[in-house]
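Notes to accompany the following structure.
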Amino acid sequence: MAVVIVDDSVTNLVVLKHLSAAANYKDVKTFSDPRAAIAHLAENASELVIVDCVMPHLDGISFVSALRGIAQHAHTPVVMVTQLSEQDVRKRAMAAGVTNFLNKPVNLKEFKTVVKAALGEAAAPEAQLLRA
């Protein structure tokens, strides 16, 4: 499965890439600059995008809006990683096209549950709570 991870923190990129590997997602590309990720996604397919909420140059909500403007990614599942719990931010993110959320710090169990739910695979009940 092709996965694109976008986060301005190199540490977070490494953690999310390892979690992806542990969940058996092998074709993982990482980007620390959201603008480079959008350029990549304009030319390449991805089955899942994981994006940080707060980044320089292009925040996660703006990133998702730009992604949704690319025809081949109009419906690509997007998981947003955030420490933010404000409902307004989450509502704006969902309006932009975010599929689900991962809370920082991310652990493997939550990662698998949220990603499966975003991909439409047997959504576990706890994943529904994370969308609220």
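Being a predicted model, the structure only gives us computed values, none of them experimental.
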Please check this pair: side chain of [X] against backbone of [Y], looking for a donor-acceptor N/O pair closer than 3.5 Å.
{"X": "His57", "Y": "Pro34", "value": "no"}
{"X": "Ser46", "Y": "Val49", "value": "no"}
{"X": "Asp59", "Y": "Ser62", "value": "yes"}
{"X": "Gln83", "Y": "Lys104", "value": "no"}

Which pair of heavy atoms, one from [X] and one from [Y], lies closest together, and at what distance?
{"X": "Ala22", "Y": "Leu108", "value": "CB-CD1, 3.8 Å"}
{"X": "Ala118", "Y": "Pro77", "value": "O-CB, 3.5 Å"}
{"X": "Lys109", "Y": "Asn107", "value": "N-OD1, 3.1 Å"}

Do [X] and [Y] come within less than 4.5 Å of each other through their side chains, counting heavy atoms only?
{"X": "Thr82", "Y": "Val54", "value": "no"}
{"X": "Phe101", "Y": "Val114", "value": "no"}
{"X": "Val106", "Y": "Val81", "value": "yes"}
{"X": "Lys26", "Y": "Met1", "value": "no"}
{"X": "Val4", "Y": "Val6", "value": "yes"}
{"X": "Thr99", "Y": "Met80", "value": "no"}

Measuring from [X]:[atom1] to [Y]:[atom2], what's the distance to the nearest 0.5 Å?
{"X": "Leu102", "Y": "Cys53", "atom1": "CG", "atom2": "SG", "result": "12.5 Å"}
{"X": "Asp7", "Y": "Asp52", "atom1": "CG", "atom2": "CG", "result": "4.0 Å"}
{"X": "Ser20", "Y": "Ile50", "atom1": "OG", "atom2": "CD1", "result": "4.5 Å"}
{"X": "Thr76", "Y": "Arg68", "atom1": "OG1", "atom2": "CZ", "result": "6.0 Å"}
{"X": "Tyr25", "Y": "Ile5", "atom1": "OH", "atom2": "CD1", "result": "11.5 Å"}
{"X": "Asn44", "Y": "Gln72", "atom1": "CG", "atom2": "CD", "result": "7.5 Å"}

- Query: Are Phe111 and Val14 linked, directly or through other ILVMFWY residues, by side chains that come within less than 4.5 angstrom of each other?
  - Reply: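 No; tracing contacts between hydrophobic side chains, which count when under 4.5 Å, never links both residues.
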- Item | Whether over 12 other heavy atoms sit under 6.0 Å from Lys91 NZ |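 Counting other residues, nucleotides and ligands, NZ of Lys91 stays at 12 neighbours or fewer.
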- For Ala66, side chain to side chain contact (heavy atoms under 4.5 Å, CB included) partners two or more places apart: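 Testing Ala66 for side chain to side chain contact (heavy atoms under 4.5 Å, CB included), a comparison that skips the adjacent residues, returns Ile38.
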- Excluding sequence neighbours, so at least two apart, what forms side-chain hydrogen bond (donor to acceptor under 3.5 Å, both in side chains) with Asp8?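 Result, side-chain hydrogen bond (donor to acceptor under 3.5 Å, both in side chains) vs Asp8: none returned.
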- Carefully, step by step, assess Leu67 and Val78 under the rule side chain to side chain contact (heavy atoms under 4.5 Å, CB included). CA-CA 9 Å; Leu67 179 70; Val78 177; 3.5 Å; yes
